[in-house]
Amino acid sequence: MTVRTRFAPSPTGHLHVGGARTALFSWLFARSMGGAFILRIEDTDTARSTEAAVEQIISSMAWLGLDWDEGPGKGGACGPYRQMERAGLYESAAQRLFEEGRAYRCYCSPKALEDARRAAREEGRQFLYPGTCREGAGKQASGDYVVRLRTPDSGSTVVRDLVRGDVEFDDALSDDFIIVRSNGVPTYNFAAAVDDDAMAVSHVIRGDDHLPNTPKQIHVIQALGGTVPAYAHLPLILGPDQSPLSKRHGSVSVEEFRSKGYIREAMINYLALLGWSLDGETTLFTLEELVSSFTLERVGKNAAVFDNDKLLWMNGSHIRSLPGNELAQRVEEYLAGGPLEGLPGSDGLPGVADLVPLVHEKMKTLEDFITLTGFFFLPFAYEEKALSKLLDDENAPGVLAAAREVIAAIEPYDAGGLESSLRERADKMDIKLGRFLQPVRIAVSGRTVTPGMFETLMALGREKSLERIDAAAGMLSSKG
RNA sequence: GCCCCCAUCGUCUAGUGGCCUAGGACACCGCCCUUUCAAGGCGGCGGCGGGGAUUCGAAUUCCCCUGGGGGCACCA
């Protein structure tokens, strides 16, 4: 059997990390089985769906590297891949079911049903559509109607789930649900099932919240005479307080993480481990490694809390394993379009490629590049903490004067020479290197944390270094 | 209320009856390295929700309870 999976988001907002995780698992499964991955846009909720959201989702998926074999912008044998463009299919499917007596028209007013529902709730019992229009109601030829699927009154429907095992639902507890609204638009459970069948989806991989819907979809597919696919319901992703992850927990969209300087490798790796594990030992994976080791059998059943700390650590780890030139490229891309674009490297300033090697191992996000190296290309300013440390250091004036002398005199001006001469000078003054370098660091960068001092002095250049040291020394002496 | 799912360190998890005095990772705390900060190395803290049952033996099997979550729409 050919494996065909699909990711079917409804375009009502950005791609959420939960959705991304679902997409990733579907993608991984398809890729690992040599199957096809389909992207299908479920935009039947016309009130909430937007074109901008479609574009957002597509761009987030592309950024993550989750490419699809069939879908928007790609085409495919089972298209179109947007449900609103497939209206005819649902219509004819519903018509067929109606003609075969597997579905019927229901003329009950929404108001009457709502009242009955409320009454049932107040009495504490579950409301089930009573089947008022089930038999012979088609004769009633006037008024709005919806189409309902005739479902079994007894027996049970078993969902064969690859992560949960078999889950049994009592058919007596479900009713004849609506498959076509009075406005002619199909409902989710109908459209999704028709499409899964029409697109020959072999494995439906989706969030846990869809498990209770599954028997309905199975009923649709069976009524259609189709083949019921295998299902795999993934556990939910929770926020730190164990409630379902939502905006109030902070960043939840892939786009937000991207703009905060997270890289796709880390995002993918982290998401993969949210609900899946290889052996409990291996934590760092490349996309290729995930493809070769992913299996549905290793997907866990319990909901997982999204841990920003671990993601951050993992991002740093993946940044560190990027080749230097690749990281520089990512930083350039990250800066592109922002206020800093083109600033590093302009006007004799050190460029991104010059600076990246100095901070490569310190960066946890691409955004860190800016905080770590900003003093090279942004207008000089002291950090408050750094300034007070400089002011409090009684060695500062002497050290600055000595360092100035060394830096001004050294020939050639290189990191090795700088290091040995500065070390020698610190030695002579009987000051430990760390204490000696700190005032210089602050004078030159305005910060207490910088890349290695000698590399920093090199990247900044002799002239600028001296300039800043002189400014600091001047400030110190005028202050008394 | 009814139906369904889930339950190992704070978090992500390994674990499928003896290899578990429960392993790894993040976080946290020490120490080492060191030019600041990271990174790295070493060590530490910390967990099987509760009760029954099966068994020579349960984290692992079964039942109940508790807790958390999902669903019960002309939303998806």
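Note that these values count all heavy atoms, side chains included, but never hydrogens, waters or copies made by symmetry. Labels below follow one simple rule: chain letters A, B, ... track the order of the sequence lines, proteins then strands, and each chain is numbered from 1.
Judged by atom type and distance alone, D209(A) does not reach the base of A76(B) through any side-chain donor-acceptor pair under 3.5 Å. Judged by distance alone, with hydrogens and angles left aside, R441(A) brings a side-chain donor or acceptor within reach of the base of U35(B), the pair sitting under 3.5 Å. Judged by distance alone, with hydrogens and angles left aside, K310(A) brings a side-chain donor or acceptor within reach of the base of A25(B), the pair sitting under 3.5 Å. Judged by distance alone with a 3.5 Å cut-off, no donor-acceptor contact links the side chain of K301(A) to the base of C6(B).
A close approach under 4.0 Å does not occur between any side-chain nitrogen or oxygen of R48(A) and OP1 or OP2 of A76(B). An OP1 or OP2 oxygen of A73(B) is reached within less than 4.0 angstrom by no side-chain nitrogen or oxygen of R148(A). Within the structure, every side-chain polar atom (N or O) of S243(A) is placed at least 4.0 Å from both OP1 and OP2 of G69(B). For U13(B), neither phosphate oxygen OP1 nor OP2 lies less than 4.0 angstrom from any side-chain nitrogen or oxygen of R298(A). Taking only side-chain nitrogens and oxygens, K364(A) comes nearer than 4.0 Å to OP1 or OP2 of A39(B). Distances shown here put a side-chain N or O of S277(A) below 4.0 Å from the OP1 or OP2 atom of A14(B).
Taking only side-chain atoms of A304(A), from C-beta outward, the nucleotide of C26(B), G23(B), U13(B) with the closest atom is U13(B). Distances from the side chain of L433(A) to the nucleotides C5(B), A76(B), U35(B) place U35(B) closest. Of all nucleotides listed (C74(B), G70(B), U13(B)), C74(B) comes nearest to the side chain of I178(A). Among the nucleotides U11(B), U35(B), C12(B), the one closest to any side-chain atom of L274(A) is C12(B). Distances were taken from every side-chain heavy atom of F454(A) (C-beta onward) to each of C5(B), U35(B), C74(B); the shortest belongs to U35(B). The nucleotide whose nearest atom lies closest to any side-chain atom of E361(A) is, among U35(B), A38(B), A14(B), A38(B). Side-chain proximity of V167(A) to the nucleotides G71(B), C4(B), A38(B) is greatest for C4(B). Looking at the side chain of T187(A), the nearest of the listed nucleotides U36(B), A38(B), C74(B) is C74(B). Among the nucleotides A25(B), G70(B), U35(B), the one closest to the side chain of L437(A) is U35(B). Across A25(B), U36(B), U35(B), the shortest atom-to-atom separation from the side chain of W313(A) is found for A25(B).
At the heavy-atom level, H210(A) lies under 4.0 Å from base atoms of the strands shown. Within 4.0 Å (heavy atoms only), G300(A) reaches no atom of the nucleic acid at all. T448(A) comes within 4.0 angstrom of a nucleotide base, judged by non-hydrogen atoms across all strands. Backbone-only engagement by G434(A) is indicated by non-hydrogen atom pairs under 4.0 Å involving sugar-phosphate atoms exclusively. At the heavy-atom level, R435(A) lies nowhere under 4.0 Å from the strands shown. Residue-level contact check: N213(A) touches the bases, meaning some heavy atom is under 4.0 Å from a base atom. When heavy atoms are screened at a 4.0 angstrom cut-off, R320(A) is found touching the sugar-phosphate backbone but no base atom. Residue-level contact check: T12(A) touches neither bases nor backbone, having no heavy atom under 4.0 Å from any strand. Base contact: S182(A) has a heavy atom under 4.0 Å from a base atom.
Look at CE on M84(A): it is 14 Å from C1' on A76(B), rounded to the nearest Å. Rounded to whole Å, atom C1' of G68(B) lies 12 Å from atom CG of D208(A). Rounded to whole Å, atom C1' of G49(B) lies 13 Å from atom CD of Q242(A). Between M314(A) atom CE and C26(B) atom P the separation is 9 Å, expressed in whole Å. As rounded to whole Å, 11 Å separates atom P of C28(B) from atom CG of D307(A). With rounding to whole Å, L113(A) atom CG is found 16 Å from C72(B) atom P. We find that CZ of R206(A) is positioned 13 Å from C1' of G70(B), with the value rounded to whole Å. Whole-Å rounding puts the N302(A) CG to G49(B) C1' distance at 14 Å.
In this entry C26(B) has G10(B) as its Watson-Crick or G-U wobble partner, both defining distances falling under 3.5 Å. Pair check for C2(B) finds G71(B); Watson-Crick or G-U wobble, both atom distances under 3.5 Å. Taking a pair to require two hydrogen-bonding distances under 3.5 Å in either a Watson-Crick or a G-U wobble arrangement, G40(B) pairs with C32(B).
Using cut-offs of 30° and 60° for the angle between ring planes, the F257(A) and Y262(A) rings count as perpendicular. In this structure, Y382(A) and F380(A) have perpendicular ring planes: the angle between them is above 60°, well past the 30° mark.
The gap from the C1' atom of G46(B) to that of U21(B) amounts to 16 Å, rounded to the nearest Å. Across the C1' atoms, C48(B) and A7(B) are found 10 Å apart, a figure rounded to whole Å. Spacing of P atoms, C4(B) relative to G44(B), comes out at 46 Å, to the nearest Å. C28(B) and G68(B) are spaced 29 Å apart, taking the P atom of each and rounding to whole Å. Between U60(B) and U13(B), the distance separating the two C1' atoms is 16 Å to the nearest Å. A distance of about 11 Å separates the P atoms of G10(B) and G49(B), rounded to the whole Å. A distance of about 23 Å separates the P atoms of U55(B) and G50(B), rounded to the whole Å. For G24(B) and C9(B), the P atoms lie 16 Å apart once the distance is rounded to whole Å.
Between L238(A) and R423(A), the residue anchored closer to the 5' end of RNA chain B is R423(A), taking for each the nucleotide with the nearest heavy atom. Nearer to the 5' terminus of RNA chain B, by closest-nucleotide assignment, is the contact made by M363(A) (compared with the other of M363(A) and P244(A)).
More than 12 heavy atoms of other residues, nucleotides or ligands shown are found within 6.0 angstrom of CG on D279(A). In Y145(A), the OH atom is not crowded: 12 or fewer heavy atoms of neighbouring residues, nucleotides or ligands sit closer than 6.0 Å.
A donor-acceptor pair under 3.5 Å is absent between the side-chain atoms of S277(A) and the main chain of L273(A), judged by distance alone. Distance alone, capped at 3.5 Å, is enough to place a donor-acceptor pair between the H360(A) side chain and the L322(A) backbone.
Using a cutoff of 4.0 Å between basic side-chain nitrogens and carboxylate oxygens, K362(A) and D368(A) are not scored as salt-bridged. E383(A) has no carboxylate O lying under 4.0 Å from a charged side-chain N of K389(A), or vice versa, which leaves the two without a salt bridge.
There is no side-chain donor-acceptor pair under 3.5 Å between Q83(A) and D43(A).
When ring centroids are compared, Y188(A) and H210(A) come within the 6.0 Å threshold.
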